[in-house]
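Take a look at the structure below.
No hydrogens, no waters, no symmetry mates; every other heavy atom, side chains included, goes into these values. The chains referred to below are lettered A, B, ... by the order of the sequence lines, with proteins before strands, and numbering in each begins at 1.
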Amino acid sequence: MALDLSTLNLEQLEAVLHKDGPLLVFAGAGSGKTRVITYRIANLIHQHGISPRHILAVTFTNKAAAEMKERLQHLLGMSMRGLWVGTFHSICARILRESGRAIGIPPNFLVYDEGDQLDLIRQVLVDLNLDEKQFNPRAISNAISRAKERLITPEGYREQAYDFFERIVASVYPRYQSALQSANALDFDDLLCKTIELFEQHPLVLARYQDQFRYILVDEYQDVNYAQYVLVRLLAEAHRNLCVVGDDDQAIYSFRGAEVELILRFEQDFPDAMVVKLERNYRSTQPILDLAFKLVSQNTLRTPKRLWTDRTEGKPVTLTPVADEEEEARLIAEYIQREVARGNRRYGDFAILYRTNAQSRVFEQRFMRERIAYRIIGGVRFFDRKEIKDLIAYLRLLVNPDDTVSLLRIINVPPRRIGDQTVKTIQAYASEKGISLYRALTEPGLHARLPLQAQQAIGGFTALIENLRAYAPKASLTDTTRRVLEKSGYLTWLEQRKDAESVDRAGNLREFVNVVAKYEQTLPESEEATESPLLGFLQYLALISDLDTLDESGDHVMMMTLHSAKGLEFPVVFLVGVEQGLLPHALSETPRDIEEERRLCYVGMTRAQDELHLTYARERSYYGSRRACIPSPFLKAFKDTPMPTLYQQMYGTPPAPTPYRAPIWTPARTQSRFLPGQRVHHPDFGYGIVVRTSDALVTVMFPGGKGMHSFPLQECPLEEA
DNA sequence: TTCAGGAATATTTTT
DNA sequence: TATTCCTGAA
């Protein structure tokens, strides 16, 4: 069977057929980039007989990785076993698990996420007697992250630390590193740094991986940071079969250390590189592309290129001023309902893109009210919820009792009478003896310093952990998780406090058990035979994101940030909140930052296949207070282009005045009987106003100093007034 | 030590 | 607005 290449255009074909040597592909939005990468790999395997195990493909998300593997399997009709596809982080995690021992990293290391990082930095600040108020842990964490992205060691940082803040960071950084080490944990950046360290210190290990990865492909190369760049260079320098794909117009991650210059520099690094530009767009209509080009061509730092398409006909892009975010949501909901009712579209055809996660709330409320199916990507991730993180902390302790962050997280959750005082004593004892907190818990020397009550509480806690630890290796993942919930008393604790929030949380924990069960069921497909399933699961958890669990199959309106939308496409896109201060965001000040915000806007616009609608509000609520808004300066790029408003498109001329719609909240149409703003009556508190509702609870504000109260939906003593 | 409730405060984007 | 912080009572 021959690989069918007839559907590829000339440039795509060039990229696909290029076999050896460096290759740089500038792939504009919607230019069939994924196809090129997939076909290129398929061609290497099929045409040139390269074994999948000699190929490494780096993608931006785990989801993209899974999809690519699946497509290849489908295309070639053979198993892609041995092919490495994944994000930089997951690939590095895998390398370190295999070979990290050489630089003292045991294979059972855990990956700390941002929250864990912050917790650890706070601990270090306490150790150093630094006030958290004065030295923002987040800023310090960012500074350390920045340093690591540029492969700057604690020593290196100290040498170049000038101002006061940098000197503080210089003192925290080494301590933070040793705290990570004693917790047997790596943060996100360490995954990269340590892999590079491994390769630099052990040329033989590097040579082994170089020999394995004879062909390397890197997607989204415009969003690569220095450490990633170095890693790629190290791996590729032996065979020089490196193909990088990217688009400088879509570089939107400089806040994470990404440097667009690295893609622009590729031709200097590899003067013999073949360069292919993909400028034919298969996604959008000409009006959309024209407008997007008007915007992005204002940037100074870009390679010249312009997308073109066959789809010369298309609806005009609309630009609609709205009074505020409420009208914005109302208008869009109305348009969606209308299109769906007419049979033109399904909910899944629409996407709402915004700059900040907070903007999703108004849409969420509106859509709930109007019963429009929607999915929000990002925001508070399921795995970031307190109760879920607590449960994960228990699981982590079972794998690695030295994980201090996790230990401190749950040592008194649920409350088991191990309070602040006791914890301080434990910490003092542990650092005195140079042992981990968990080790300290088991030492008689510690107990001698504590009151009997605390001793007993600690004894109970260690017995619990030991019991669970003994159980885990013998049981399935799901059973272990259930047992943790049960034996720790966490679930009982939540269930006892009847308040509605706890009911929500208990529900989330049960949902988590389902996630575990699902993972366990699909486990056999994964090729890594992990010696400890629990460890494998935790490592999997650490690196997945919300986007990875997104399924586009359902019929929902998608709502997400512009960043999350990268790489996706939708028939109809609403780009909302195109206002000064929001897009570009107020925190982006330098010309460089502004250019990135412009690219962000460009990314959003180029997600649209058939229709693109822009909106900006004249007034908007910012953390409680209302503020007047100015349209985004980006819109000036469109001043010569007549753009109708969405109202005009819906009703024809003239522009309809803002139609006032009475909110529809008949009880029969709503899931929870209550809606924000509604007046209700309570037997004890009297009349109040519903502030908020969720799946399980309703929160009501009662006037006259009676305050806010939450009730479980099922059995709340409220009546509609 | 725990918990409730009011006060203070912080808000960009994410592997 | 929503979350965290802080205080004081049990």
Are any protein N/O atoms closer than 3.5 Å to N/O atoms in nucleotides 9-13 of chain B? If there are, list each pair with its distance.
from, atom 1, to, atom 2, distance (Å)
B:dT12, O4', A:H585, NE2, 3.3
B:dT12, O2, A:R355, NH1, 2.8
B:dT12, O2, A:R355, NH2, 2.4
B:dT13, OP1, A:N357, N, 2.9
B:dT13, OP1, A:N357, ND2, 3.0
B:dT13, O4', A:R355, NH2, 3.1
B:dT13, O2, A:R355, NH2, 2.6
B:dT13, O2, A:H563, NE2, 3.4

Judged by each residue's nearest nucleotide on DNA chain B, which is more toward the 5′ side, A:F60 or A:R416?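 Nearer the 5' end of the strand: A:R416.
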
I want to confirm an ordering. Mapping A:N412 and A:T59 to their closest nucleotides on DNA chain B, which one lands closer to the 5' end? A:N412

Sugar-phosphate, base or nothing in reach of A:S90, heavy atoms under 4.0 Å: nothing

Test side-chain contact (heavy atoms from CB on, under 4.5 Å) applied to A:L407 and A:I426, A:L437, A:V423, the passing residue: A:L437

Counting the benzene-type ring for Trp, do [X] and [Y] have ring centres under 6.0 Å apart?
| X | Y | value |
| --- | --- | --- |
| A:F363 | A:Y374 | no |
| A:Y253 | A:F60 | yes |
| A:F255 | A:H563 | yes |

Between B:dT11 and C:dC6, how far is it from one P atom to the other, in whole Å? 15 Å

In whole Å, what separates the P atom of C:dT4 from that of B:dT13? 15 Å

Can you tell me how the ring of A:Y209 sits relative to the ring of A:F199, calling it parallel under 30°, perpendicular over 60° and tilted otherwise?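 Plane angle between 30° and 60°, so tilted.
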
Would you mind checking if A:K33 and A:D247 are paired as a salt bridge, meaning a charged N to carboxylate O distance below 4.0 Å?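 Result for this pair is no, no salt bridge flagged.
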
Of all the nucleotides listed (B:dT15, B:dT1, C:dT4), which has the minimum atom distance to the side chain of A:T87?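 The closest nucleotide is B:dT15.
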
Listed nucleotide nearest any side-chain atom of A:R361, set C:dT4, B:dT15, C:dA2: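 Selected nucleotide: C:dA2.
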
For A:R150, does the CZ atom have more than 12 heavy-atom neighbours from other residues, nucleotides or ligands under 6.0 Å away?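 Counting other residues, nucleotides and ligands, CZ of A:R150 stays at 12 neighbours or fewer.
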
Are there over 12 heavy-atom neighbours, none belonging to A:R592, within less than 6.0 Å of that residue's CZ? no

Could you list, one pair per line, each protein nitrogen or oxygen that sits under 3.5 Å from a nitrogen or oxygen of nucleotides 6-10 of chain C, together with the distance?
from, atom 1, to, atom 2, distance (Å)
C:dC6, OP1, A:K133, NZ, 3.0

